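A quick write-up on the structure given underneath.
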Amino acid sequence: MKTILAAYSGVKKGSGSSILSALHDLPSVPWLTRSKIMKNLQAISVLQFVLTFLAMGIGCSLLLMYMFCTDCWVISAIYTAWLIYDWNTPKQGGRRSTWVRNWTVWKYFRDYFPIRLIKTHNLLPSRNYIFGYHPHGIFCFGAFCNFGTEATGFSKIFPGIKPSLATLAGNFRLPVFRDYLMSGGMCPVNRNSIDYLLSSNGTGNAVVIVIGGAAESLDCAPGMNSVTLKKRKGFVKLALKQGADLVPVYSFGENEVYKQLIFDDGSWWRSVQKRLQKILGFAPCLFHGCGLFFPESWGFVPYCKPITTVVGEPITVPKIEEPSQDIIDMYHAMYIRSLKSLFDNYKTRFGLNESDILQIQ
């Protein structure tokens, strides 16, 4: 109260010094502290990411259709024509934007958890790579922050290497959302797109594939250290056909940021989830985090748990146009051993126990 009266007195006397002095004391108010403001900005940056991926594609599609029924139909017609003309761009290297990848909002996003990127070995710009990212988590926060932005300094940590995060091909059919994804250097996770990046785009390319995909997200929860990999061999075949080195990547903490209700295999709810996954391309998970401004409440904002992404040692892969199943199986087994070794070497540094093991499903 005294502070307010002092400020008021300064106003009456025409002196600005008293006002400045009073305002200087305001940060002592709990909800105006610098740390609180920073934390809220970080939470907002993460929430906008979640809402963007949940609603931007559908929202822009509905808006485009609505505008066709209004006086703005010309704008919709022009954009639709452009969409048809530009349809194959996502499969041909995309259209990344250094400006978008360096947005300040991604630094707030990084610092919320926080997220870190760890290099264990150098990567040669004269080679191409396929990064196998594990685990999927609910929203792949670590994959997006490390490889879809420059928030953790990927280009400085791995000079000469250009990452392309592969995501659902269906996302690139949605207006505006597709352009947003391409600006971050993302590409469809299909053979044509990956083949182009590894064969027609020079060297120094790193295609990041979340190997477990949507199926793996159904099993992610705090304390779970399992990856869906045992029958996932398509990425190994792609690597052999293009002569791209395989690089295992594991994100410690990715499964810790949301709590999920996991249903038993064979249950009715699990069957529904798997059926919807096949239809929609993503798994409908029942999960929750915390509230935006009240961490003790439930909400869509993930919990503040550190995510540390460790990029492992590359496995040199020869170029074989038609690899036999035995060769594919051999390199797949090598990849699994390398991933397990990466997990075991770093698990105790990032919050796990020596007794924890990585389960391969």
Side-chain angles (χ1 to χ4, degrees), residues 120-121 123-124 126-137 140 143 147 161 163-169 187-200 203 205-220 224-252 254-255 265 274 277-278 281 283 309-347 356-361:
T120 61
H121 293 77
L123 299 181
L124 300 175
S126 59
R127 297 285 295 174
N128 283 326
Y129 302 91
I130 290 181
F131 285 17
Y133 183 89
H134 313 270
H136 184 284
C140 300
F147 308 117
I161 305 299
S164 297
L165 177 59
T167 185
L168 288 174
C187 67
V189 62
N190 58 38
R191 180 176 175 178
N192 292 336
S193 176
I194 296 172
D195 279 347
Y196 179 90
L197 289 169
L198 298 178
S199 63
S200 305
T203 59
N205 299 290
V207 179
V208 185
I209 304 175
V210 185
I211 306 298
E216 190 173 84
S217 66
L218 293 174
D219 293 315
C220 71
M224 296 287 289
N225 303 304
S226 64
V227 297
T228 303
L229 179 60
K230 192 174 293 184
K231 297 181 180 179
R232 303 292 174 101
K233 301 180 180 181
F235 73 103
V236 178
K237 186 176 182 179
L238 277 172
L240 286 163
K241 290 175 73 68
Q242 298 297 339
D245 295 346
L246 290 168
V247 182
V249 179
Y250 196 87
S251 270
F252 295 90
E254 185 74 62
N255 284 345
D265 283 332
K274 290 183 176 180
Q277 175 200 326
K278 292 181 179 180
T309 303
V310 185
V311 180
E313 181 178 4
I315 302 169
T316 303
V317 176
K319 185 174 183 178
I320 304 175
E321 292 187 2
E322 293 298 333
S324 65
Q325 190 60 48
D326 289 340
I327 295 293
I328 294 173
D329 291 342
M330 181 182 73
Y331 277 94
H332 184 259
M334 290 172 61
Y335 180 86
I336 290 178
R337 287 196 298 270
S338 182
L339 178 63
K340 284 184 174 180
S341 177
L342 179 69
F343 179 85
D344 290 336
N345 290 339
Y346 286 89
K347 60 185 178 182
D356 289 330
I357 61 172
L358 181 63
Q359 299 177 356
I360 309 295
Q361 297 182 345

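If you're wondering where the values come from, they're calculated on a predicted model, not measured in any experiment. Positions are given from 1 along the sequence.
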Under 3.5 Å, which donor-acceptor pairs do the side chains of residues 205-213 form with other protein atoms, sequence neighbours left out?
unit_1 : atom_1 : unit_2 : atom_2 : d
Asn205 : OD1    : Asn201 : ND2    : 3.1
Asn205 : ND2    : Asn128 : OD1    : 3.3
Asn205 : ND2    : Leu197 : O      : 3.1
Asn205 : ND2    : Asn201 : O      : 3.1
Asn205 : ND2    : Gly202 : O      : 3.1

(request) Please lay out, stage by stage, how Gln361 and Lys230 fare under the test side chain to side chain contact (heavy atoms under 4.5 Å, CB included). (result) CA-CA 5 Å; Gln361 297 182 345; Lys230 192 174 293 184; 5.9 Å; no
Tell me, do [X] and [Y] make a side-chain contact under 4.5 Å, heavy atoms counted?
| X | Y | value |
| --- | --- | --- |
| Ile336 | Ile360 | yes |
| Phe131 | Val311 | yes |
| Ser226 | Leu358 | no |
| Cys220 | Pro135 | no |
| Tyr346 | Phe252 | yes |
| Val310 | Thr120 | yes |

(message) Which residues pass the salt bridge (Lys or Arg N to Asp or Glu O under 4.0 Å) test with Asp344, not counting sequence neighbours?
(response) Lys347
(message) Could you work out, with salt bridge (Lys or Arg N to Asp or Glu O under 4.0 Å) as the rule, every residue matching Arg191, not counting sequence neighbours?
(response) Asp195
Under 3.5 Å, side-chain donor or acceptor atoms of residues 320-333 against the rest of the protein: list the pairs with distances, not counting sequence neighbours.
unit_1 : atom_1 : unit_2 : atom_2 : d
Ser324 : OG     : Ile327 : N      : 3.3
Gln325 : NE2    : Asp329 : OD1    : 3.0
Asp329 : OD1    : Lys233 : NZ     : 2.8
His332 : NE2    : Leu229 : O      : 3.0
His332 : NE2    : Arg232 : O      : 3.1

Heavy-atom closest contact ([X] atom, [Y] atom, distance):
| X | Y | value |
| --- | --- | --- |
| Ser338 | Ile315 | CB-CD1, 3.9 Å |
| Ile194 | Pro188 | CG1-O, 4.4 Å |
| Pro248 | Leu342 | O-CD2, 3.7 Å |
| Val317 | Ala244 | CB-O, 3.4 Å |
| Leu123 | Pro314 | CD2-CG, 3.9 Å |
| Glu216 | Val227 | OE2-CA, 3.1 Å |

(message) Under 3.5 Å, is there a donor on one side chain and an acceptor on the other for Ser251 and Tyr133?
(response) yes
Residues in side chain to side chain donor-acceptor pair (under 3.5 Å) contact with [X], at least two apart in sequence or another chain:
| X | answer |
| --- | --- |
| Ser193 | none |
| His136 | none |
| Ser164 | Arg96 |
| Ser341 | Asn345 |

(request) Output all residues satisfying ring pair (Phe, Tyr, Trp, His ring centres under 6.0 Å) with Tyr129, sequence neighbours left out; order by chain, then residue number. (result)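 Expected list: none.
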(message) Just to verify, what does Tyr335 make a ring pair (Phe, Tyr, Trp, His ring centres under 6.0 Å) with, not counting sequence neighbours?
(response) His134, Phe235
(request) Go through the structure and list residues passing side-chain contact (heavy atoms from CB on, under 4.5 Å) with Thr316, not counting sequence neighbours. (result) Arg127, Asp245
[atom2] on [Y] to [atom1] on [X], rounded to 0.5 Å:
| X | Y | atom1 | atom2 | result |
| --- | --- | --- | --- | --- |
| Leu238 | Leu246 | CG | CG | 10.0 Å |
| Glu254 | Cys140 | CD | SG | 6.0 Å |
| Lys319 | Gln242 | NZ | CD | 6.0 Å |

